[in-house]
Amino acid sequence: MSLRLLTIVLFALGTSACSGMNVKPWQRGTLARADMQLDPNPLQTRFEEHIYFSKEAASGGRGFGGGGCGCN
Amino acid sequence: MQLTDADPKDRRRLSLALATVGLLGVAGAVPAAADDAPRDWTFDTGLLFYKENGGRVQVIEPAVDATLDLGNDRTLSAGFVVDSLSGATPNGAAPAATPQTFTQPSGRGKTYTTAPGATPLDHTFEDTRFAGDLGYLFPLTGGSKLGVGLSGSKEYDFTSVGANAHYALDLNQKNTTLTAGAAFEYDQVDPVGNAPVPLSVMVDAEKTGGSQKSKNVKDLLLGLTQVLGPKGLLQLNYSLSLSNGYENDPYKILSVVDANAVPQYYVYEKRPGSRTKNALFAEYKRFVFGRDVVDLSYRYFTDSWGVRAHTASLAYRWNFTERKSLEPSLRFYSQRQADFFHSALYTGQDATVDYASADPRLGAFNAWTGGLGYRQILVNGHELSVHVEYYKQFSRAAGVPQQAAAALSQFNLAPDLAAVNITLGYRFNW
């Protein structure tokens with residue numbers, strides 16, 4: 001079910017979004033900024049993910065972190 | 001040279017971000033990768049203070065990530081975290097009208113007592129966790145990269161080792177990146193005073209459920225990152241996690257109550273021996289007003305235990321000067337309880353249920369997080385950051401046994417949790 005949805009989204013993106021949205025190498029200045037990276041502050045993200053992992057039932061999506069925990 | 005507008009500092013920080021992506025195994029390979037990385041060390045250091053209300057858990061956690069740039073898009077990284085934890089945590093039992101006395105996890109006649117009407121908390125909770133990881137990220141042919149990593153952690157009663165790999169492929173003039181990752185983890189728990197027999201009655205004696213328990217976790221991550229014009233970026237991920245083995249929390253119990261909500265006895269919790277988790281994650285970033293960055297993300301989560309959760313977050317990075325920024329953020333989280341979540345069991349119900357847990361983490365609640373971060377690039381090029389967050393869970397009563405519902409309604413079965421955390425960060429190159 002979830003996989004099917006993902007496939008549809010990926011396919012839609014692959015066929016439509018790419019043509020008008022593409023940028024040329026010389027247009028990448030903004031995208032190359034440190035604050036435009038998907039995870040510009042990985043240490044902060046790791047702290048937060050660790051807190052949420054120990055307090056909430058849901059996890060995952062963003063990635064998989066190293067080193068599990070007993071997390072009581 | 002592709003990064004026309006970016007200054008060398010930005011490129012260096014980008015390569016750090018990429019390296020750490022490798023370290024964490026995050027499906028976040030960035031389509032706009034720098035190709036002229038300097039050969040040096042980058043250190044990302046941080047210190048987290050975390051404190052819950054009502055004398056509950058508090059944590060001090062120093063961490064450091066070191067990344068060595070080997071040139072030609074190759075990076076070696078290592079991270080280390082120490083996690084020092086103390087305070088009280090709910091043991092799972094429901095409040096009662098009279099004082100309740102519980103056996104400490106270690107047994108040996110040690111007990112603790114909870115006041116009438118209060119949520120039973122185990123005050124003997126204390127642990128120090130050491131965790132480390134290693135990662136190596138290197139290019140393959142045709143615009144692709146491979147990252148491999150090892151991770152491990154050790155607590156007094158818990159040991160974890162893991163390995164991960166992830167692959168990223170740039171397509172479409174680096175406007176599209178596909179990622180795939182896999183991780184394996186082996187966890188072993190050596191419960192204090194041995195593991196209890198699940199759903200057995202808590203007694204003040206040696207527990208007989210075995211001394212060493214383990215589980216395996218396999219993770220799979222598929223991702224797509226798409227550039228949306230010169231100022232926008234979208235990431236879509238799907239993650240699957242398969243966990244098998246000992247899923248119980250050996251220290252959590254449930255109250256077994258009569259129709260007047262008087263506890264008759266307590267039983268140890270029991271969870272299914274496997275758990276499958278699915279998450280769909282989307283993140284959108286956009287550069288606005290020629291200065292700031294908006295970051296929006298959403299995750300839908302579902303698992304084989306019946307938990308469903310939505311997570312949405314929004315952050316706005318206000319670059320009010322070239323070197324200084326403020327970043328307010330807001331996160332909303334909502335989860336439905338696991339199928340086997342019970343606030344308490346009714347007399348005899350412990351003999352008929354397959355599984356039962358009163359762990360508040362498996363209950364029903366909404367949570368809000370409000371945050372504010374400040375970052376500054378110092379004159380020496382190092383980056384200093386301070387981040388403050390307030391987290392609050394609003395619980396909903398769930399899994400209340402019908403026969404005792406009226407009597408139990410006098411108690412707060414789902415107390416709210418509030419926590420504050422402060423993170424100090426310092427990032428520099430050597």
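Below, each value reflects all heavy atoms present in this structure, side chains not excepted, and no hydrogens, waters or symmetry copies. Chain letters run A, B, ... following the sequence lines, proteins first and then strands; every chain starts at 1.
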Under 4.5 Å to a heavy atom of chain A? For B:Asn319 that would be side chain
Any donor-acceptor N or O pair under 3.5 Å, side chains B:Arg331, B:Ser313
no
Cut-off 4.5 Å, heavy atoms of chain A, and the answer for B:Lys277 is side chain
Bottom line for B:Asp122: the part with an atom under 4.5 Å from chain A's heavy atoms is neither
Q.
If the threshold is 4.0 Å, N to carboxylate O, is there a salt bridge linking B:Arg375 and A:Asp35?
A. no
Bottom line for B:Glu61: the part with an atom under 4.5 Å from chain A's heavy atoms is both
Honestly, the part of B:Phe287 sitting under 4.5 Å from a heavy atom of chain A is both
Taking every heavy atom of B:Ala63 against every heavy atom of B:Val81, the minimum-distance pair comes out as CB-CG2, 3.8 Å
Bottom line for B:Val161: the part with an atom under 4.5 Å from chain A's heavy atoms is neither
Whatever's closer than 4.5 Å to a heavy atom in chain A on B:Val293 counts as side chain
Do B:Asp83 and A:His50 pair up side chain to side chain, a donor and an acceptor below 3.5 Å, judged on atom types alone?
yes
Turns out that what part of B:Leu417 lies under 4.5 Å from chain A's heavy atoms comes down to side chain
| So, A:Glu56 and B:Arg361, do they make that salt bridge, N to O below 4.0 Å? | no
Looking only at B:Lys154, B:Gln335, B:Glu327, most heavy-atom pairs under 4.5 Å shared with chain A are made by B:Gln335
If one checks every heavy atom of B:Ala367 against chain A at 4.5 Å, the contacting part turns out to be side chain
Applying a strict 4.5 Å limit to non-hydrogen atoms, the region of A:Gln44 in contact with chain B is side chain
If one checks every heavy atom of B:Gln337 against chain A at 4.5 Å, the contacting part turns out to be neither
Looking only at heavy atoms, the pair that brings B:Thr302 and B:Arg308 closest together is OG1-NH1, 2.9 Å
Notebook entry, point to check: Would B:Tyr333 and B:His310 count as a close aromatic pair, with their ring centres under 6.0 Å?
Noted result: no
Under 4.5 Å to a heavy atom of chain A? For B:Arg336 that would be neither
Cut-off 4.5 Å, heavy atoms of chain A, and the answer for B:Thr45 is backbone
Value for OG (B:Ser325) from CZ (B:Arg317), rounded to nearest 0.5 Å, stands at 3.5 Å
Note: B:Tyr391 and B:Thr369 closest approach over all heavy atoms is CD1-OG1, 3.2 Å
